[in-house]
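Within every chain, numbering begins at 1; the chains are lettered A, B, ... in the order of the sequence lines, protein sequences first and strands thereafter.
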Protein chains: 2
Amino acid sequence: MVTPPSIPRATVARLALYLHYLSELGDVRPSVSSEDIGAATNVNAAKVRKDLSYLGPGGTRGVGYAVAPLRRRITRALGLTKDLSVAIVGAGNLGSALARYPGFSQRGFTVAALFDIDPAKVGRRIGGHRVSHLDDLDAIAASIFVAIIATPADVAQSVADRLAAAGVGAILNFAPTLLKTARNVVVRNVDLSTELQILTYHAAQGSKSGVAENLGSAEDKQPQVGS
Amino acid sequence: MVTPPSIPRATVARLALYLHYLSELGDVRPSVSSEDIGAATNVNAAKVRKDLSYLGPGGTRGVGYAVAPLRRRITRALGLTKDLSVAIVGAGNLGSALARYPGFSQRGFTVAALFDIDPAKVGRRIGGHRVSHLDDLDAIAASIFVAIIATPADVAQSVADRLAAAGVGAILNFAPTLLKTARNVVVRNVDLSTELQILTYHAAQGSKSGVAENLGSAEDKQPQVGS
DNA sequence: TAGATTGTTAATCGATTAACAATC
DNA sequence: TAGATTGTTAATCGATTAACAATC
């Protein structure tokens, strides 16, 4: 059995970035160089080549990378070949906004379910999605690939437990809570206030020197290992 | 003049994490150990100590760190001593949700303005905030510390330009666009679809081995250097 | 062929972490 | 004193990047 080459964490995040650029690029140009990609995404060109080399050789020396094939290769490497179903838990301010967010479907994610536990919300339609009661999670969990937690902090852990029990393997958590999850559940946290705090520090520094950065969004990203 | 010790990028993100934990902790316990903090935030205890050492020595051997003073020291190091004003640009789904988000004020950020350019939205109140026209930015820009861009992707760059021209030094960008900004503007990007894509890859890997992570949401985090 | 650009090596840099002396 | 825990060193690990041979 061939061991699939595991792609470094930082590289995965940048591949998603390159893919975004390549999508914007359309098909007006037949090829792009690592220099082009680097300029557009603020990444060193050598790093771009190194990142792309994890997908196996695919460029042409003296020419660059053919745009459409490269897009396909990154798409395949990230596991984005099929449309992926997303469930949103929490139909409050943030959950509702996410349910109406057009960006997900543009990049291959389909909001397949929107959950809440508030009887006043269950049954209503938000952004074309009917709000289901969280108790009905098991019925559709099998078709869900990623769940987004957009609940108040105090129930986020219990929601994560229910999602894990239902077999959901990936969680994007917007609640300001560090989730304790089993090892086979992948969690990414996006804490809006923490983002502002990090920005605050760098802005104070920046007014002295001059920097700018991003993600890891979140990338920078703090660790979250299963318990 | 004393050079202020510059704190490494990854450490800054974790300090925000520790601060969150210390806030949750309240004052029931007089002190915490690096072991305690590490367990709560999923960070190696040695790393916690190293991170905290950037603030100068503050713990007591054999005892740990006094909770309240440590909270104050991190708060000061991150520049969070005063309440900071936030402006939200874009009063659509996401901008409106952010304007109503209670988490900001809980962590010392005040939403001081909400901007849009849609005449149908200007003048309306959303979450207690009156929507102003973006043309009125200059009038209040001086009091703004961070701006959040929650506009469609196609206008995000021009909004960033206007914010920079008005003197706003820090931007949290939710639009799926890599902003080109001057060197003295600090930008952090939170791209929701990219987060899902990164999660997708790790989930596919995770079903083989078993991992879980987070931020740097952002930490991870992709680079974004000023042009 | 000359020019361009990949793919990869190897040097460098920075971040993580085990280990332990210092010390409460 | 014995036990606990910090603060820091030094080893390790992984990520970045300059450099360049390979080659279109």
B:Asp161 vs B:Ser158, side chain to side chain donor-acceptor pair (under 3.5 Å): CA-CA, chis, key distance, verdict: CA-CA 5 Å; B:Asp161 294 343; B:Ser158 81; over 6 Å; no

Which sits closer to the 5' end of DNA chain D, B:Ala46 or A:Asn44, going by the nucleotide each is nearest to?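 Taking each residue's closest nucleotide, the earlier one in sequence belongs to B:Ala46.
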
Report the residue (B:Leu52 or A:Gly62) whose heavy-atom-nearest nucleotide on DNA chain D is the more 5′ of the two. B:Leu52

Under 3.5 Å: donor-acceptor pair, side chain of [X], backbone of [Y]:
X	Y	value
A:Asn189	A:Asp191	no
B:Arg71	B:Gly26	yes
B:Arg73	B:Gly56	yes
A:Glu195	A:Val190	no
B:Thr11	B:Asp51	no

Has [X] got a side-chain N or O lying under 4.0 Å from the OP1 or OP2 atom of [N]?
X	N	answer
B:Tyr54	C:dA15	no
B:Ser53	D:dG7	no
B:Arg14	C:dT16	yes
B:Ser34	D:dT5	no

Using the closest heavy atom to pick a nucleotide of DNA chain C for each, name whichever of A:Lys50 or A:Val63 lands nearer the 5' end.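 Between the two, 5'-proximity favours A:Val63.
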
Tell me which nucleotide among [options] gets nearest to the side chain of [X].
X	options	result
A:Pro8	C:dT16, D:dA15, C:dA15	D:dA15
A:Thr60	D:dT16, D:dC24, D:dC20	D:dC24
A:Pro57	D:dG7, C:dG7, C:dA18	C:dG7

For the pair made of [atom1] in [X] and [atom2] in [N], what is the distance, rounded to whole Å?
X	N	atom1	atom2	value
A:Asp51	C:dT8	CG	C1'	14 Å
A:Leu70	C:dT5	CG	P	15 Å
B:Lys47	D:dC13	NZ	P	15 Å
B:Glu35	D:dG7	CD	C1'	15 Å
A:Ile37	C:dA4	CD1	P	19 Å
B:Arg49	C:dA15	CZ	C1'	16 Å
A:Arg9	D:dT16	CZ	P	13 Å

Heavy-atom side-chain proximity of B:Phe104 to A:Ser193 below 4.5 angstrom: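 Result yes, sub-4.5 Å side-chain heavy-atom pair found.
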
In a check of side chain to side chain contact (heavy atoms under 4.5 Å, CB included) between A:Leu163 and each of A:Ile149, A:Leu179, A:Val185, A:Val146, which one passes?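 Considering A:Ile149, A:Leu179, A:Val185, A:Val146, a side chain to side chain contact (heavy atoms under 4.5 Å, CB included) with A:Leu163 is found only for A:Ile149.
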
So what does A:Thr11 touch, heavy atoms closer than 4.0 Å: a base, only the sugar-phosphate, or nothing?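 Nothing, no heavy atom under 4.0 Å.
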
Look at the side chain of A:Arg61 against the base of C:dT6 and say whether a donor-acceptor pair falls under 3.5 Å; ignore hydrogens and angles.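 Under the 3.5 Å cut-off, the side chain and the base do form a donor-acceptor pair.
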
Paired and unpaired positions of DNA chain C as dot-bracket, Watson-Crick or G-U wobble under 3.5 Å, | denoting a partner strand: ..||||||||||||||||||||||

